Amino acid sequence: MELSKIRNIGIAAHIDSGKTTLSERILFYTGKIHKIVEVRSKTGDGPTMDSMDLEREKGITIQSAATYAEWKDHSINLIDTPGHIDFTVEVERALRVLDGAVLVLCGVGGVQSQSITVDRQMKRYGVPRIAFINKVDRSGANPDRVVAQLEDKLYHKPVLITMPIGIEDNFEGVVDLIEMKAIYYRGDQGVEIVEEEIPAHLVDEAKKRRDIMVERLADHNDELAEKFLEGEECSNEEIKAAIKEQTTNMHITPVLVGTAKMNKGIQTLLDAVIDYLPNPGEVKNEALDLDNNEERVELVNDDSKSLVALAFKLEDGRYGQLTYMRIYQGTIKKGDFITNIATKKRIKIPRLVRMHASDMHEIDEAKAGDIVAMFGVDCSSGDTFTNGDLNYSMTSMFVASPVIELSVQPKEKSGQVNFSKAMNRFQKEDPTFRIYRDDESGETIMCGMGELHLEVYIERIRREYNCEVIVGQPKVAYREAITQTIEFDHTHKKQSGGSGQYARIAGFIEPMEATGDSTYEFINKIVGGVIPKEYIPAVDKGFKAQLAEGVLIGQPIVGIKAHLNDGATHAVDSSDMAFQLAGRQAMKKSIAQAKPIVLEPIMKLEVSAPEEFQGVVIGQLNQRRGIIQNTQVETGYVTVEAEVPLKEMFGYSSDIRSVTQGKGEFTMEFEKYIQVPKGIQEDIIKDYQEALKEKK
């Protein structure tokens, strides 16, 4: 299929906004499935895009699922992403390879905390989007309020292109503000699209909204601006062209309304995807030329050029590792040899498939702009592939650092092999899931983004690998930092027969602002060669090695700027190892003197509950050292935004349900690290020292 007729889109939103229901309706109307199944179906089958048993049981999306469909001679590659923040890496890797997205917003809830996170991710990868206000048939729905929130909270420039006919229980269809027609979705499951004249009582409102739409478009289009100011009528073709151009350039966000569950507005949304979201040829994609000092190179969506493809997601399928790949340039065929740029390994492609959720459709070749999957390709998530004559790398995606830890071990010794297989596979598939072994206790520690994230993996070990596990108490991933500038002048000297070791280093360390983990900076100020150039990296390596283990509670140290400005060497005894050891020792001694502190992860929390529970919800958060940022009451529901230490959030899900009669919901995501209050820091250090004694 020609490039202009391909759309690579994702569906992303806050949890429970109706993404999976919308994906299911899209598949139904495009003829990919012939029966609609609800997300929380009681029949045992579940939605096509939630193919994992756990997803169907919990009624949430855990893994992003890929499928493809056809609509009006266009091919749509569609990825449904999770809404829960614990699985945010699934959204990251989907957006990394998409050309456009549909941001789904609840007509009642509007822009919620995860909507803000998803929007930030879209901006990070420059993904143009259209917004779909879902659930406008629900009690309390208010599309105008949601449009205002898009502007106020997300700083979009929303342009409403359909308006509802009726609202809540009276929602009947939509008015297309470009064609100025009323559209109704009749017949069994809304299949029959009927265009009629706009109801008389809505004509004036529709004209007014169309004028607002044209006025917004005129801000970035001189021809429309001229016509608008002179009171001339703009043609539908001019308006559509302006919407397409400004959406692709991310100047505006077209907004449509509907209800996926009641089958209204979906076909109009599909038309908007085709009309306003860019095809692969209209999006700029870049790679780094590794042979030319990582200079940025623009890729061309051309089948005849050399291959450049990105493996963005791995899955353990029935036939081994399944690798999802986006092709940016060139053509790929079954039986071709491709080169993994990260490992330099040449691999033959035994099978090439297009994915429809968990089903596979065999294909012989794929071209620039396609999203496909292949078997038998051993790689990691984020690896770039070429046909061997280019040494390009696609820029990697953003991966957040884990904030929660659990000790885990197989219940029976016989389960050790399956347990190891599961750990290796999950680490390879999910960059936010990490494993390490505690050398002192011998325990295996798994790290992740939240309680649900790790709970899902523990359940998958039990189900998919038939391995029962013993799980310890969840632990917070603390960090350590320094609060003072300290100078160091350290000499490492060792002489015990044979060649000795000698290294002297001097300089100072100072605190810098900590934003997560990536906050170490090494500044080399050595002049006159007092330390030879070849030993400088060894000092840096020694510093880094010590920063992995703090002096208060053995946690990594963040926010340090290390300056090296003097030193000395010995003609015979100096070596890489000597300078590395000197770096470690100097850093350890300096940190201990620099008044170290413990930092704890603070979570951004959004709680929603019926208005009558406002007092108890806020009271609970105050007890958990929460700082209330904002409180809003709308349509009988209160939404409380707060910052709360992760340490205080364990067990919160059962507490919030018990005080709100099961009606309270919350979402939580990592916000920042801040200093622990002094009294609590002393308790944490005491607990750490007692745990050390027990291990000994």
Side-chain angles (χ1 to χ4, degrees), residues 62 84-89 399-411 419-420 422-462 467 469-481 514-519 547-558 597-605 624-625 644-653 668-676 680-681 683-695:
I62 291 169
H84 202 289
I85 187 64
D86 284 14
F87 309 106
T88 188
V89 73
V399 177
S401 299
V403 292
I404 186 169
E405 299 180 350
L406 277 179
S407 68
V408 60
Q409 62 186 67
K411 207 170 188 178
F419 178 75
S420 297
M423 292 293 116
N424 290 335
R425 172 192 157 190
F426 296 151
Q427 273 196 104
K428 212 171 183 188
E429 285 181 6
D430 181 352
T432 60
F433 177 78
R434 296 177 198 172
I435 297 289
Y436 73 90
R437 187 177 170 81
D438 188 321
D439 294 332
E440 286 164 341
S441 66
E443 291 176 323
T444 299
I445 310 291
M446 56 162 64
C447 315
M449 300 306 296
E451 281 183 283
L452 179 65
H453 189 209
L454 297 184
E455 186 189 307
V456 162
Y457 278 119
I458 287 159
E459 195 55 41
R460 287 182 67 188
I461 294 167
R462 289 187 179 124
C467 174
V469 290
I470 301 164
V471 181
Q473 286 297 309
K475 287 191 290 189
V476 175
Y478 291 109
R479 296 287 179 263
E480 295 183 31
T515 51
D517 281 336
S518 55
T519 57
L547 293 177
E549 191 183 328
V551 297
L552 296 177
I553 55 170
Q555 290 293 326
I557 301 160
V558 296
I597 53 168
V598 176
L599 304 176
E600 65 180 341
I602 300 294
M603 310 304 283
K604 188 168 99 185
L605 180 75
R624 291 171 182 267
R625 293 197 285 131
V644 193
L646 176 62
K647 180 180 188 285
E648 309 296 338
M649 289 307 295
F650 296 131
Y652 182 66
S653 51
M668 185 170 74
E669 65 175 303
F670 171 70
E671 174 79 357
K672 60 190 173 188
Y673 273 97
I674 68 164
Q675 184 176 349
V676 173
I680 293 168
Q681 175 168 313
D683 292 342
I684 294 167
I685 294 170
K686 193 176 164 189
D687 291 346
Y688 171 72
Q689 285 166 349
E690 280 173 10
L692 276 183
K693 279 179 198 168
E694 279 174 33
K695 286 173 188 174

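Bear in mind the structure is a predicted one, so any value in this text is a computation, not a measurement.
Under the 4.5 Å side-chain criterion, counting only non-hydrogen atoms from C-beta, Gln409 is in contact with Ile470.
Across all non-hydrogen atoms, the minimal contact from Ile557 to Gly550 is CD1-CA, 3.5 Å. Taking every heavy atom of both residues into account, Val676 and Leu599 meet most closely at CG2-C, 4.0 Å. Scanning both residues, Ala477 and Tyr673, for their nearest heavy atoms gives O-OH, 2.8 Å. Counting all heavy atoms, side chain and backbone alike, Ile602 lies closest to Pro645 at CD1-CA, 3.8 Å. Heavy atoms only, all atoms of each residue included: Arg624 and Tyr652 are closest at NE-CD1, 3.4 Å. Residues Phe419 and Cys467 approach most closely at CB-SG, 4.0 Å, considering heavy atoms.
Considering Arg434, Glu405, Met423, His453 as possible partners of Met446, the one that fulfils the side chain to side chain contact (heavy atoms under 4.5 Å, CB included) test is Met423.
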Using side chain to side chain contact (heavy atoms under 4.5 Å, CB included), reason through Phe426 and Ile435 one step at a time and then give a plain yes or no. CA-CA 10 Å; Phe426 296 151; Ile435 297 289; over 6 Å; no

Should Ile684 and Tyr478 be marked as a side chain to side chain contact (heavy atoms under 4.5 Å, CB included) after you check the CA-CA gap, both sets of side-chain angles, and the distance that decides it? CA-CA 10 Å; Ile684 294 167; Tyr478 291 109; 3.5 Å; yes

Would you sort out whether Leu406 and Ile458 count as a side chain to side chain contact (heavy atoms under 4.5 Å, CB included), showing the intermediate values? CA-CA 10 Å; Leu406 277 179; Ile458 287 159; 3.6 Å; yes

Working for side chain to side chain contact (heavy atoms under 4.5 Å, CB included), residues Met603 and Leu646: CA-CA 6 Å; Met603 310 304 283; Leu646 176 62; 3.8 Å; yes

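With values rounded to the nearest 0.5 angstrom, Cys447 atom SG is found 8.0 Å from Leu454 atom CG. With rounding to the nearest 0.5 Å, the separation of CD1 in Ile597 from CZ in Arg479 is 14.0 Å. Expressed to the nearest 0.5 Å, how far CZ of Arg425 lies from CD1 of Ile461 amounts to 10.5 Å. Note: Lys686 NZ to Gln689 CD = 10.0 Å, rounded to the nearest 0.5 Å.
Legend: residues meeting ring pair (Phe, Tyr, Trp, His ring centres under 6.0 Å) with Phe433, ordered by chain and number and at least two apart, are Tyr457. In this structure, the side-chain hydrogen bond (donor to acceptor under 3.5 Å, both in side chains) partners of Arg625, at least two apart in sequence or on a different chain, are Glu600, Glu648.
A donor-acceptor contact shorter than 3.5 Å links the side chain of Glu480 to the backbone of Leu552.
By the neighbour-count criterion of 12 heavy atoms within 6.0 Å, atom NZ of Lys647 is sparsely surrounded, having that number or fewer from other residues, nucleotides or ligands.
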